[in-house]
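It should be emphasised that the depicted structure is a prediction, and the values quoted were computed from it without experimental measurement.
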Amino acid sequence: MLVDTLSRTFAALADPTRRDIVARLSAGDATVNQLAEPYAMSLQAVYKHLRVLEEAGVVSRPAGPQPRSVRLELGSLDLMDGWLEQARRRAEERYQRLDRVLAEMEDEEPGP
């Protein structure tokens, strides 16, 4: 089964450490060593988290001299944002229809 980009992005961000890495990268690019500093885990474990984020297109490490910076790729977050906004909009429309039906029912109820 093919996994689409949106599914890979949501799966990558299901882990709290990876979400924290993304939150930290939203403030600016960082090296792997800088990203690893606050975690009580091996550098190899941090690289594994970054590989998942890279495969999902959430972060990138542009080619260049070492140490290479890790960069947040906003396009993948835009894709998630668009999907969530569409779901939120549909749910709000459904609740608004329900509110209209309830208001009509109240108007139609006979008075005491």
Side-chain angles (χ1 to χ4, degrees):
M1 176 179 154
L2 291 175
V3 179
D4 63 281
T5 303
L6 185 60
S7 297
R8 278 195 311 264
T9 305
F10 274 113
L13 294 175
D15 182 275
T17 300
R18 292 193 285 267
R19 286 194 306 273
D20 188 60
I21 288 171
V22 167
R24 293 175 59 214
L25 288 172
S26 68
D29 297 355
T31 65
V32 175
N33 285 333
Q34 290 170 327
L35 289 171
E37 283 176 11
Y39 304 119
M41 65 178 70
S42 68
L43 196 56
Q44 185 179 9
V46 173
Y47 271 108
K48 284 176 117 178
H49 283 297
L50 288 175
R51 187 172 52 241
V52 171
L53 291 169
E54 281 182 305
E55 289 173 358
V58 177
V59 302
S60 65
R61 285 187 288 165
Q66 297 289 340
R68 295 186 306 170
S69 290
V70 180
R71 175 181 302 160
L72 182 62
E73 296 294 334
L74 294 177
S76 63
L77 300 181
D78 289 344
L79 187 62
M80 291 178 69
D81 192 39
W83 186 87
L84 290 170
E85 182 56 34
Q86 185 180 33
R88 180 181 301 116
R89 197 173 324 116
R90 274 191 253 145
E92 286 174 357
E93 288 170 1
R94 190 173 46 135
Y95 286 124
Q96 288 171 356
R97 281 195 309 269
L98 178 60
D99 286 344
R100 284 193 298 270
V101 168
L102 293 173
E104 287 173 12
M105 290 174 68
E106 276 186 28
D107 291 344
E108 293 172 3
E109 283 185 17

Salt bridge (charged side-chain N to carboxylate O under 4.0 Å, His left out) partners of residues 14-27, not counting sequence neighbours, each pair once: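 Applying salt bridge (charged side-chain N to carboxylate O under 4.0 Å, His left out) to every pair that reaches into residues 14-27, excluding sequence neighbours, yields nothing.
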Quick one: which residue pairs count as a salt bridge (charged side-chain N to carboxylate O under 4.0 Å, His left out) with a foot in residues 65-77, not counting sequence neighbours? Asp29-Arg71
According to side-chain hydrogen bond (donor to acceptor under 3.5 Å, both in side chains), who are the partners of Arg61, at least two apart in sequence or on a separate chain? Glu54
At what distance, to the nearest 0.5 angstrom, does CG of Leu53 lie from OG of Ser60? 11.0 Å
What's the separation between atom CG in Leu74 and atom CG in Asp81, rounded to the nearest 0.5 Å?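 So the CG of Leu74 and the CG of Asp81 are separated by 11.0 Å.
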Under the side chain to side chain contact (heavy atoms under 4.5 Å, CB included) rule, collect the residues that match up with [X], sequence neighbours excluded.
X     : result
Ala11 : none
Ser26 : Leu72
Asp78 : none

Can you name the closest pair of heavy atoms from Ser76 and Ala56 and give their distance?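 Ser76 and Ala56 have their closest heavy atoms at CB-O, 4.4 Å.
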Can I get a per-line list of side-chain donor-acceptor pairs under 3.5 Å for residues 30-37, giving both atom names and the distance, sequence neighbours left out?
| from | atom 1 | to | atom 2 | distance (Å) |
| --- | --- | --- | --- | --- |
| Thr31 | OG1 | Gln34 | N | 3.1 |
| Thr31 | OG1 | Gln34 | OE1 | 3.4 |
| Gln34 | OE1 | Thr31 | N | 2.8 |

Show the atom names and distances, to 0.1 Å, of all donor-acceptor pairs under 3.5 Å that link a side chain in residues 85-105 to residues at least two apart or in another chain.
| from | atom 1 | to | atom 2 | distance (Å) |
| --- | --- | --- | --- | --- |
| Glu85 | OE1 | Arg88 | NH1 | 2.7 |

Would a single hydrophobic cluster contain both Val52 and Leu25, if residues Ile, Leu, Val, Met, Phe, Trp and Tyr are joined by side-chain heavy-atom contacts under 4.5 Å? no
Mind jotting down which residue pairs meet the ring-ring contact (aromatic ring centres under 6.0 Å, His included) criterion with at least one end in residues 4-56? Sequence neighbours excluded, please.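 Of all non-adjacent pairs touching residues 4-56, those that pass ring-ring contact (aromatic ring centres under 6.0 Å, His included) are Phe10-Trp83.
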